[in-house]
Amino acid sequence: MASVNVKHNIVSALCKHLYLDPKSFSSELDKDLKSLCMSILKSSKDAAALVNDNELIKWIGFVEKFLVKSEAPFKALTELNEELITKSVVLGNGLKPSAADVIVFSVIHSNVISLSSSDRAKLPHLLRWMDYIQNKEEFAKLFETVSIEKTQFIPQALKTVKKVEDSNAKKTVPEKKDSSSSEKVDLKEKKPADSTKKSEEVSQAAVDKKKLPEKEVDKKEEELSVSLLKIQIGLIHKAWKHPSADSLLVEEIDIGEAKCRQVVSGLAKYCIPDQLTNRRVVLITNVKPGKLRDVMSEGLVCFPHRLCTVNILIPLFSGTTDGQHCVCHVA
């Protein structure tokens, strides 16, 4: 049977999720858990859809069984961990938390907080989900924060470039040996006059080869000119942790368009989501939208590498307007 504390947690969290006043349900804490949840759901603007959602009712049944078997909760948590292997939320196929997520989080929170480090290591998907819900729903004032250990993310691209460079280096060495050996044979077989002429031709060919890469580099620099980038000032309205990558954050950024842009950035190791809210950043807006770890990104947030701290954001962009274009001067 659900304790008064558990019921109070459900009322506070579910009312926050549905934009309801929790005081309206303070007199209903003596009801059983299912009746209490249904009473709150009936008071929401989407009451008809929520009350008749069989999947939502199934998850309410899950937490009722969880509380009945409270003496051995780890087995139920393990089953939930397996359920979340391929999911970001317990109900629905997207990234938006549902009422079911809020109810399940409220009930199991105290059990997860009390787990030992060894038990937590066995539930990585459950902890990822707990961390996502507590940040997405902004539960910091309602629940003790569930802390998780984050592993450092190493981009795959760095490994690939290194292999390519090594293979190129290996190919270059034999070629030099072959060319030098062939030159020695030619010098022995031909007369002194011919050898002088041959050496001049070889030196001239070497000069020509050195010039070719320089021309190619110049063409590439012209094609990749920084003037092609559309750089604008944007205001971060909201930020949250990426559901599938500890090193990434997701931000909603206003650049003066009709709709805010959703951008995935690698700022997680420099700041937390709350520090980015209502801050201005430089944003490259003419990049092709694409998914980063299954989350759509519509821009590229620019940060100075050596000054990557939230404290510099407002001084840098004070007096600017959302969507203002920036000009990059290259010395």
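Bear in mind that the values here come from a model prediction, so they are computed numbers and not experimental data. Basis for what follows: all heavy atoms, side chains included, without hydrogens, waters or symmetry-related copies.
Scanning for ring pair (Phe, Tyr, Trp, His ring centres under 6.0 Å) contacts around Phe62 gives Trp59, with sequence neighbours left out. Residues passing the side chain to side chain contact (heavy atoms under 4.5 Å, CB included) test with Val51 are Met38, Leu41, Lys42, sequence neighbours excluded. Every residue was checked against the ring pair (Phe, Tyr, Trp, His ring centres under 6.0 Å) condition with His17, not counting sequence neighbours, and none meets it.
Counting non-hydrogen atoms of neighbouring residues, nucleotides and ligands closer than 6.0 angstrom, the NE2 atom of His8 reaches no more than 12 such neighbours. Under a cut-off of 6.0 angstrom, the local environment of NZ in Lys58 is crowded, with over 12 non-hydrogen atoms contributed by other residues, nucleotides or ligands. For CG of Asn286, the number of neighbouring non-hydrogen atoms (other residues, nucleotides, ligands) closer than 6.0 Å is greater than 12.
Remark: side-chain polar atoms of His242 are paired, donor with acceptor, to backbone N or O of Leu292 under 3.5 angstrom. Remark: side-chain polar atoms of Arg120 are paired, donor with acceptor, to backbone N or O of Ile113 under 3.5 angstrom. At distances below 3.5 Å, at least one donor-acceptor pair connects side-chain atoms of Ser114 with backbone N or O atoms of Asn111.
The minimum heavy-atom distance between Thr285 and Arg261, with the atom names listed, is O-NH1, 2.8 Å. Closest approach of Ser39 to Glu28, counting heavy atoms only: OG-OE1, 2.7 Å.
Put simply, the side chain of Val107 reaches to within 4.5 Å of the side chain of Leu67, judged on heavy atoms. Ile57 is listed as a side-chain neighbour of Lys34, based on a closest heavy-atom distance under 4.5 Å.
By the 30° and 60° cut-offs, the orientation of the rings of Phe139 relative to Phe105 is tilted.
At a cut-off of 3.5 Å, with distance as the only test, no side-chain donor of Thr145 or Gln134 sits close to an acceptor on the other residue. No hydrogens or angles considered: a donor-acceptor pair under 3.5 Å links the side chains of Ser98 and Asp101.
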